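Accompanying notes for the structure given below.
Being a predicted model, the structure only gives us computed values, none of them experimental. As a basis for the values below, the full set of heavy atoms in this structure was taken, side chains included, without hydrogen atoms, waters or symmetry mates. Here is the naming used below: chain letters follow the sequence lines, and residue numbers restart at 1 for every chain.
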Protein chains: 2
Amino acid sequence: MSAPEQVKPAPADAPGGESDARNRRAELVRVSARLFRERGFDGTTIRDIADAVGMRSGSPFYHFKSKQDILAAVMEEGLNASLVATEAIVAGALAPREKFRALLRAQLETVLGEGHDFIPVLLYDWRALGPALQERIIALKDRYDQIWQQTITELRDAGMLRTDSKVARLLIMGAVNYTVQWYKPGGGVTLDELADEALAMFLHGSA
Amino acid sequence: MSAPEQVKPAPADAPGGESDARNRRAELVRVSARLFRERGFDGTTIRDIADAVGMRSGSPFYHFKSKQDILAAVMEEGLNASLVATEAIVAGALAPREKFRALLRAQLETVLGEGHDFIPVLLYDWRALGPALQERIIALKDRYDQIWQQTITELRDAGMLRTDSKVARLLIMGAVNYTVQWYKPGGGVTLDELADEALAMFLHGSA
DNA sequence: CCTACCGATCGGTAGG
DNA sequence: CCTACCGATCGGTAGG
């Protein structure tokens, strides 16, 4: 009667019953990312999500207060992971050209890699997110864009790019992000080859 | 009793009552394009469309057998218009660089220009179209892609592009099409400037 | 093209 | 997290 917590099989990783709930929440986000990517936000129902994690249709709302909140969580997790990856790249002591190649390659992985569903959801269904929820995501996106912008400035200073304008960055990132619309894994082009071709296309004096 | 057609105000442009229906159909497509662009396909209801043209909610189905058919009509009309524009460009006697610039500029107009809602709908909601309806559109899209591919080959032959690979084309078209996600009219960048910046970014030996 | 309507689906909730 | 459910919406149709 004293402690209703900590029944059922205890999780191995952390003490306290709340880690169960945290695991379930994380599972919901992961599964939702996959479904949203495959069918789109509007094409995925709460029932689809609940089925995929073995819940009843009302239960996701124990973890999230709305379907939109799941979408926001998917996008936020995707951006957080991407931020970690890109910040690790620019923290290294790479020359501008190699830094840029690493960014391109990382972004291609994020957008096209096996099991990477989070950022494609952001690219496909950004509009489906309400303005209030968009704001939180935009703050993360701004940090992300800044990393690219700085690298682009370094490339310009090194004479490998004509300009470091915002438009130049948007054209480059657009070309990369748009691959989500046409790239098919196993279609004869690897992500490494894609990165090289993009590098050669954007940069002066590249092989 | 003999002829139930040709009542109501007769249209000025063409004889025969069926041109009324054709006009209404065209109006439905045009209005749907605008709404689909603004709110997305799933975010637009048949009732929204009917309201916008002054019909009752069941009446659009007199002109189209399903909501998806309206979407297909929007995309098809957009591609047909784009095909006319691009075919006119490549039919002219322009040098490769000027031909490419004209294609870029035309595509930017198609994607970002005032009142150009058709192709953005295709870019945003391609996935919403069922496979059967996609097929008809793909045939048009193939002709479109071919024009770009040929121009890219000419640029490569003129030494202004490293490669005329399909990936090169997709990266270029991706950069241009992705502008639909970020470009804001009146934001200080004109479409002409955008075309110039894209040209300089992709081509060797450009100003 | 309107009237009148249906069947299904869907996000979300109360109460435990 | 389940049970049981609701209110609203939505694409689509019959019949004129």
Euclidean distance, atom [atom1] of residue [X] to atom [atom2] of [N] [Å, nearest integer]:
X	N	atom1	atom2	value
B:Gln68	D:dG11	CD	P	11 Å
B:Arg25	C:dC1	CZ	P	13 Å
B:Phe64	D:dT13	CZ	C1'	18 Å
A:Ile70	C:dG12	CD1	C1'	12 Å
B:Lys65	D:dT13	NZ	P	9 Å
B:Arg22	C:dC1	CZ	P	14 Å
B:Tyr62	D:dG16	OH	C1'	13 Å

Does the distance from a Lys or Arg side-chain N to an Asp or Glu carboxylate O, for [X] and [Y], drop under 4.0 Å?
X	Y	answer
B:Asp48	B:Arg39	yes
A:Asp192	A:Arg101	yes
A:Arg143	A:Glu87	yes

Side chain of [X] (C-beta onward), nearest among [options]:
X	options	answer
B:Phe61	D:dC2, D:dG11, C:dG12	D:dG11
A:Lys67	C:dC2, C:dG11, C:dC1	C:dG11
B:Arg56	D:dC1, D:dG12, C:dC2	C:dC2
A:Met55	C:dC2, D:dC2, C:dG11	D:dC2

Subject >> Pair A:Arg30-A:Glu27, salt bridge (Lys or Arg N to Asp or Glu O under 4.0 Å): steps then yes or no >> reply: CA-CA 5 Å; A:Arg30 184 164 30 82; A:Glu27 198 182 348; 5.1 Å; no
**OP:** Go through the side-chain N and O atoms of A:Asn177 and B:Gln181 and say whether any donor and acceptor fall under 3.5 Å apart.
**Re:**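 Result is no, nothing qualifies.
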Original post:
For B:Tyr144 and B:Gln107, does a side-chain donor sit closer than 3.5 Å to a side-chain acceptor?
Top reply: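 Result is yes, a qualifying pair exists.
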Subject >> Residues within residues 33-52 of chain B bordering DNA chain D, heavy-atom distance below 4.0 Å >> reply: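 Here the set is B:Thr44, B:Thr45, B:Ile46, B:Arg47.
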**OP:** Please work out whether the ring planes of A:Phe202 and B:Phe202 are parallel, tilted or perpendicular, with thresholds of 30° and 60°.
**Re:**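 Taking B:Phe202 first and then A:Phe202, their aromatic rings sit tilted (interplane angle of 30° to 60°).
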Original post:
Using a 3.5 Å cut-off on both pairing distances, which stems of three or more Watson-Crick or G-U pairs include DNA chain D?
Top reply: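 Counting only runs of 3 or more consecutive pairs, the stems involving DNA chain D are C:1-16 with D:1-16.
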**OP:** Decide whether a cation-pi geometry holds between B:Lys166 and A:Trp182; the criteria are a distance under 6.0 Å from NZ or CZ to the six-membered ring centre and an angle within 45° of the ring axis.
**Re:**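 Ring-cation test returns no.
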**OP:** Applying side-chain contact (heavy atoms from CB on, under 4.5 Å), run through A:Phe118 and A:Phe36 and close with a yes or a no.
**Re:** CA-CA 9 Å; A:Phe118 297 87; A:Phe36 289 162; over 6 Å; no
